[in-house]
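Proteins come first, then strands; the chains are lettered A, B, ... in the order of their sequence lines, and each starts at number 1.
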2 protein chains.
Amino acid sequence: MAKPTIKDIAKECNVSLSTVSLVLNNNPRISEKTRTKVLEAVARHGYQPNVHARGLASRSSQAISVVVPNVNHIFADIYFGEIVSGIYERASDQGYKVLLDIANKQFIQTKEYLSLLKSKRVDGLLFIAASLKDDYLKDFVGEPCFISVNHYFPDTELNYIAVDYEDSARQAANHLMELGHKKIGLIAGTNTYTGLALRDAFIKECVSHGLSESDVPWVEGGDRWSQEEGYEAAGKLLKDHPDITAVMGGNDRLAIGAMAYAASQDIDVPGQLSVMGVDDIPAARFSNPSLTTVQHRLYDLGVLACERLINIFKGEIGQCHEVLPVDLVVRESTGPAKTA
Amino acid sequence: MAKPTIKDIAKECNVSLSTVSLVLNNNPRISEKTRTKVLEAVARHGYQPNVHARGLASRSSQAISVVVPNVNHIFADIYFGEIVSGIYERASDQGYKVLLDIANKQFIQTKEYLSLLKSKRVDGLLFIAASLKDDYLKDFVGEPCFISVNHYFPDTELNYIAVDYEDSARQAANHLMELGHKKIGLIAGTNTYTGLALRDAFIKECVSHGLSESDVPWVEGGDRWSQEEGYEAAGKLLKDHPDITAVMGGNDRLAIGAMAYAASQDIDVPGQLSVMGVDDIPAARFSNPSLTTVQHRLYDLGVLACERLINIFKGEIGQCHEVLPVDLVVRESTGPAKTA
DNA sequence: CCCCTTTGTTTAATCGCTTGACTTGCAATG
DNA sequence: CATTGCAAGTCAAGCGATTAAACAAAGGGG
């Protein structure tokens, strides 16, 4: 029989349509006997309920969309892969499918992110790490079926979930200050609010421990948060402020770039210069010297983001403004400040 | 009005349900006048047809699933990102949505890849580069709504589309032989049929130009096709065959690893040893020396894979067994064989 | 002036499932 | 013994579109 329907199963079992449906939805009102009878017939025919009929009647599609930025080679960055994997994990074990969307011009101009919801294609959206200029996300204010992942917009009520960039900054600042560093250069990515938050929190923490703002000079890391940009930025930083004894990178790749610059100038790390980053990407462990950093569990972030979205679907929570703890990971690239 | 339906639009325009539907589906039998009247109402209400109602009635879902292997940090490899981006591009401009699936244990054991089709969740599937042991793909023999991307199974009728690994091998072999190399080491990934095809074609080409099989020793590259594995493999190769003057990597990462090994042993590339790879990943251009390689246009592969699948949906083609041309890219890492 | 096309629109059947309201049979209760 | 309560099912009304087939009006040819 081609494509059996619920009707075929019902007929074969001598029960009504609705009984089959109830069995399939684990309704407790069905006796164990009929239940197994039905399930056997289902297995025998390899029956799969039609997802559209189901979605139409139940007005939910058991699917979410994951939106990633339209960056060239987006997935070259482990960052997204990790989060997406986490999302996929939780989604599939909760019976949700994952749609992939890329926030390209068409997606934004046609407001496809809203169409997806209106057309019931998905029950909700997860936006991964947009940048400062993605203000179209404001369309989602008041819309519960949406969470911004690892990004947030100050002064809005948008749902978000992110790792704690401010605490990352504080832990990093304290680690360096405890090692005696009194003049610390910062390479900051400033095209995201989380990047800005990291920069500001870092400087603030330093100042609150007695350093002055001029003891914490910072330079722009660039939009791609890349190793190459870190290399450049470190050069600028050390040229303008030859007396800094430590460099803090806005992420690990910037930090690794900074170490590469140090190596190119025969500056010993950590002997003459301490360097640290944020994220704990795999490369951080294998760099030479291995990189001290603040670990962000991005896979877990993905898992949790998905979980919160589903929590919202189920009405278990009404909104989501959550921040995940981070951990300092001390490796070889940081050491006591050299005494002048 | 909450969530307008086709009925609301029809009422407002004083036309029937079907008229609106016909307009929405660009049926030419509707007059220009009614068409614009309807479209205006649609725009006014921000109406979006319910995807489930549509799918139920039209028995198609305008969505495809892209299945990637369950590899840790899968997206760390640019490889997949490129193909997926290409697929997304063509899918969205043809009005198809893209579902992301990961071929993990659950996905395979529950035969979810079949359920997706049976439940009409998607109209078709694109499997990206599975490995030798993924024989469950045989379930798709005779199933048109499926294409294996950059991978194929010999002796089956499975649809596939892939870059030309055999020609890659031939071009590489000829490039090295033209430079005078007479003893060439090969680092081969052997956990995919394409990897095996590359290895066999490379050796065959060399032999057909007068080398003997012992002039083309090969070692296993490992399952991850990684730089680290390339480093190891190069060591083994050069230890067992100190007289080789060139190394061919099964992909760029293996080749870059081999170059790293050469550097660690103060072997000059290309002065003492030529090294080349396959793929032309971005890093190939930036390695030192820059890497000679065979370019695989993976983004284009993704675009075409998606196009072929849609061709099949439309009945424009019945099957797909296609191979994409590749191009030799000569850079700095290969040179004339050193004369003994 | 009648019949036949053509063009534009409507009618109505369907797609396959969910779900609140209703039935039935039977054991327990007062 | 009539009544109540409950467990296990069934009924039937949607859900919101698509799409043959039917139909009405307008034009065209003889």
Name the closest nucleotide to the [X] side chain, picking from [options].
X        : options                   : answer
Leu56(A) : dA17(D), dG16(C), dC11(D) : dG16(C)
Leu22(A) : dT19(D), dT10(D), dA17(D) : dT10(D)
Asn50(B) : dC15(D), dA17(D), dT18(C) : dA17(D)
Ser16(B) : dG16(D), dT11(C), dT19(C) : dT11(C)
Ala57(A) : dT18(C), dC11(D), dC15(C) : dT18(C)

Please check: side-chain N/O of [X] versus main-chain N/O of [Y], any donor-acceptor pairing under 3.5 Å?
X         : Y         : value
Asp123(A) : Gln62(A)  : yes
Arg90(B)  : Ile310(B) : no
Asp8(B)   : Pro4(B)   : no
Arg35(A)  : Asn27(A)  : yes

Sole residue of Tyr160(B), Phe313(B), Phe140(B), Tyr113(B) in ring-ring contact (aromatic ring centres under 6.0 Å, His included) with Phe146(B): Phe140(B)
salt_bridge(Glu12(B), Lys7(B)) N-O dist < 4.0 Å: no
Contact nearer the 5' end of DNA chain D, comparing Val15(A) with Ser21(B): Val15(A)
Position toward the 5' end of DNA chain D (nearest nucleotide), Arg54(B) or Asn14(A): Asn14(A)
CD/Glu143(B): more than 12 non-hydrogen atoms of other groups inside 6.0 Å: yes
Within 6.0 angstrom of Lys37(B) NZ, more than 12 heavy atoms from elsewhere: yes
Which whole-number value in Å describes the distance from [X] [atom1] to [N] [atom2]?
X         : N       : atom1 : atom2 : value
Lys120(B) : dG16(C) : NZ    : P     : 10 Å
Tyr47(B)  : dG16(D) : OH    : P     : 10 Å
Asp8(A)   : dG16(C) : CG    : P     : 9 Å
Ile6(B)   : dT11(C) : CD1   : P     : 14 Å
Lys118(A) : dA17(D) : NZ    : C1'   : 18 Å
His52(A)  : dG14(D) : NE2   : P     : 24 Å
Lys3(A)   : dC17(C) : NZ    : P     : 11 Å
Lys7(A)   : dT18(C) : NZ    : P     : 15 Å

OP1 or OP2 of dC11(D) under 4.0 Å from side-chain N/O of Ser18(A): no
Under 4.0 angstrom between Asn25(B) side-chain N/O and dT18(D) OP1 or OP2: yes
Sorted by number, the residues of residues 27-39 of chain A with heavy-atom contact under 4.0 Å to DNA chain D: Arg29(A), Ile30(A), Ser31(A), Thr34(A)
Under 3.5 Å donor-acceptor pair, Ser58(B) side-chain atoms to dT19(D) base atoms: no
